[in-house]
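Note on naming: letters A, B, ... go to the chains in the order of the sequence lines (proteins, then strands), and numbering restarts at 1 for each one. None of the values given here were measured: they were computed from a predicted structure. Only heavy atoms go into these numbers, but all of them, side chains included; no hydrogens, no water, no symmetry mates.
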Protein chains: 2
Amino acid sequence: MPDEAAGRDHRTLPRRRGAALNSAIFEAVWAEIAEHGYAAVTMDGVAGRARASKASLYRRWPGRAALVLEAAYDAMHGPESVPDTGSLREDALAVLRHAARQLNGPVGQALRGLLGETLQNPSVAAEVREYTRGNVGRVMHAIIEQAAARGECDPALVTDRKVEAGPALLRQRFIFSALPLDDDYLVQVVDEVMLPLLGVCPDVVAGDP
Amino acid sequence: MPDEAAGRDHRTLPRRRGAALNSAIFEAVWAEIAEHGYAAVTMDGVAGRARASKASLYRRWPGRAALVLEAAYDAMHGPESVPDTGSLREDALAVLRHAARQLNGPVGQALRGLLGETLQNPSVAAEVREYTRGNVGRVMHAIIEQAAARGECDPALVTDRKVEAGPALLRQRFIFSALPLDDDYLVQVVDEVMLPLLGVCPDVVAGDP
DNA sequence: ACGTTTAGAGAACTAGACGTTCTCTAAACT
DNA sequence: AGTTTAGAGAACGTCTAGTTCTCTAAACGT
């Protein structure tokens with residue numbers, strides 16, 4: 001009879017399950033993205049790096065898109081809070097800065113890849129679009145309502161197109177430019193587009209003597 | 001000795017070259033896109049449908065993206081002209097309508113797929129971005145300069161962000177919505193965003209008694 | 001403590017697309 | 001007519017997506 005080591009083949013290492021395995025898989029996804037970008041994320045690669053089996057991956061997610069999407073959700077922990085500084089300008093900047101911080105990091109890279117996936121194969125995910133669009137738009141509406149309640153802007157001026165304009169500029173730049181979203185850009189979006197559209201602070205921009 | 005038919009194998013059909021072959025290949029690309037969308041375009045599929053060889057395809061284009069991109073260029077024949085109706089509102093509507101007509105058709109489907117490709121693999125094509133961004137932006141700048149020269153808007157108000165806002169809304173809707181770009185949307189973009197940003201026609205929208 | 005059920009590791013396998021390369025031959029050129 | 005160029009068709013090697021198999025550790029019962 002062999003000693004106890006002989007009974008242990010290469011599969012006898014401690015085996016993770018449930019949440020622990022999930023976390024290990026998400027970590028592997030981020031490592032793959034960080035190393036060679038979204039395009040380099042393959043199911044085999046993630047499984048290998050996480051020391052998980054492809055069967056385990058496919059038991060949890062139907063494909064790469066669903067996996068990366070859940071990894072992104074996981075990395076963003078928690079719904080976005082609505083800022084309330086008492087000034088529309090500061091609220092708007094806070095919203096855009098929060099979005100920019102996410103989009104400039106690994107989560108942004110993942111979302112770019114996922115958006116690419118949905119553009120090529122529209123059947124894959126209305127879900128991705130929901131996220132990318134839903135959050136910022138909802139919060140933007142909320143801070144504008146706050147401003148209208150304070151009398152800071154005229155509620156009659158508020159339309160869907162005007163509310164969407166700022167976020168649309170942010171997204172355009174995120175999608176079409178490889179450069180990070182810098183703060184100057186966000187300030188321009190707020191001062192040159194969002195506030196003028198709502199009739200706030202007609203072209204008096206801070207910093208000009 | 002067999003008769004003359006025996007010497008003709010299945011390769012003996014008339015053989016196209018140069019521009020004629022190019023056109024046949026482009027037609028095949030559009031047929032494939034129309035049938036099952038961008039995702040279904042494969043080099044094998046296009047070659048088969050065009051009765052061309054894959055070798056001929058790869059001699060002309062390095063890959064699928066380059067092929068579809070050139071097919072799109074080919075379908076758009078000619079650079080965009082700058083409208084000059086004498087009214088900024090009409091000029092802007094003309095530009096957006098021209099863009100929308102393209103984007104609502106098969107060319108739009110191709111561009112969506114190509115954009116998806118570049119988002120997943122940024123190395124592929126700065127070229128695609130150039131097109132998608134370049135044209136509308138350039139023409140938009142031109143009509144605004146015309147309007148400023150007529151005294152229709154204040155040149156001091158014109159900034160890059162303001163000029164980009166309208167096109168950004170168009171693109172956002174193109175990218176994130178599967179629905180076609182309808183004319184109501186374009187009118188809203190012009191009347192609620194573009195003109196107010198440039199200080200034209202402050203909220204007097206036609207059609208309201 | 002023991003037995004049953006669940007779920008993970010690892011590997012083999014199929015199928016589809018990419019991109020390459022080969023041969024044979026029609027079209028274009030001189 | 002003879003030469004060169006370029007296209008048709010097919011075979012091939014590779015990669016990735018998914019699936020399915022066996023074996024076994026972990027979780028959960030009694």
Side-chain angles (χ1 to χ4, degrees), chain A residues 2 4-29 32-33 36-68 113-114 116-117 120-121 123-125, chain B residues 4-29 32-33 35-68 113 116-117 120-121 123-124:
Chain A
E4 74 274 17
R8 301 167 60 83
D9 69 359
H10 46 88
R11 275 168 285 185
T12 311
L13 294 165
R15 198 184 277 180
R16 299 146 306 177
R17 296 169 75 121
L21 182 54
N22 258 34
S23 300
I25 293 171
F26 289 157
E27 264 181 54
V29 169
E32 296 275 311
I33 288 181
H36 299 106
Y38 180 89
V41 177
T42 69
M43 297 304 261
D44 294 82
V46 172
R49 186 189 284 265
R51 229 198 62 244
S53 72
K54 287 208 295 172
S56 300
L57 263 59
Y58 281 106
R59 200 173 300 122
R60 289 174 165 76
W61 303 279
R64 177 173 72 158
L67 166 58
V68 177
L114 286 170
E117 203 110 27
Q120 293 191 339
N121 195 337
S123 67
V124 170
Chain B
E4 73 275 16
R8 301 169 57 83
D9 68 2
H10 47 87
R11 277 168 282 184
T12 312
L13 295 164
R15 198 184 275 180
R16 299 144 306 175
R17 295 170 75 122
L21 183 54
N22 259 33
S23 301
I25 292 171
F26 288 157
E27 265 181 52
V29 169
E32 296 274 313
I33 288 180
E35 232 172 65
H36 299 105
Y38 180 89
V41 178
T42 69
M43 297 303 260
D44 294 82
V46 171
R49 184 188 286 262
R51 229 199 62 242
S53 72
K54 286 207 296 172
S56 300
L57 263 57
Y58 282 105
R59 199 173 301 120
R60 288 173 165 76
W61 303 279
R64 176 173 73 160
L67 166 57
V68 176
E117 204 111 27
Q120 292 190 341
N121 196 337
S123 67
V124 170

Could I get the full list of side chain to side chain contact (heavy atoms under 4.5 Å, CB included) partners for A/A40, not counting sequence neighbours? A/H36
Between atom CE of A/M43 and atom CZ of A/R64, what is the distance when rounded to the nearest 0.5 Å? 9.0 Å
Whole-Å gap separating P (C/dA17) and CD (A/Q120): 14 Å
What is the nucleic acid contact for B/G45, judged by heavy atoms within less than 4.0 Å: base, sugar-phosphate only, or nothing? nothing
For residues 20-27 of chain B, which side-chain N or O atoms pair as donor and acceptor with protein atoms under 3.5 Å away, sequence neighbours left out?
{"from": "B/N22", "atom 1": "OD1", "to": "B/R60", "atom 2": "NE", "distance (Å)": "2.6"}
{"from": "B/S23", "atom 1": "OG", "to": "B/A19", "atom 2": "O", "distance (Å)": "3.1"}

Round to a whole Å and report the spacing from CG of A/L21 to C1' of D/dT24. 16 Å
For nucleotides 4-6 of chain C, give me every protein contact, N/O to N/O, under 3.5 Å, one pair per line with atom names.
{"from": "C/dT6", "atom 1": "O2", "to": "A/R17", "atom 2": "NH2", "distance (Å)": "3.4"}

Taken to the nearest whole Å, CE/A/M43 to P/C/dA9 is 14 Å
For B/S53, give me all partners under side chain to side chain donor-acceptor pair (under 3.5 Å), at least two apart in sequence or on another chain. B/S56
Got a second to check how far A/K54's NZ is from A/T42's OG1, nearest 0.5 Å? 8.5 Å
Output the single nucleotide from C/dC18, D/dG7, C/dG10 whose closest atom is nearest the side chain of A/R51. C/dG10
With B/E32, which residues qualify under side chain to side chain contact (heavy atoms under 4.5 Å, CB included), at least two apart? B/V41, B/V46, B/R49
Heavy-atom check, side chain of B/V68 versus side chain of B/W61, under 4.5 Å: no
Distance check needed: D/dG13 P versus B/D44 CG, whole Å only. 17 Å
What are the residues of residues 53-63 of chain A, sorted by number, that bring a heavy atom to within less than 4.0 Å of DNA chain D? A/K54, A/A55, A/Y58
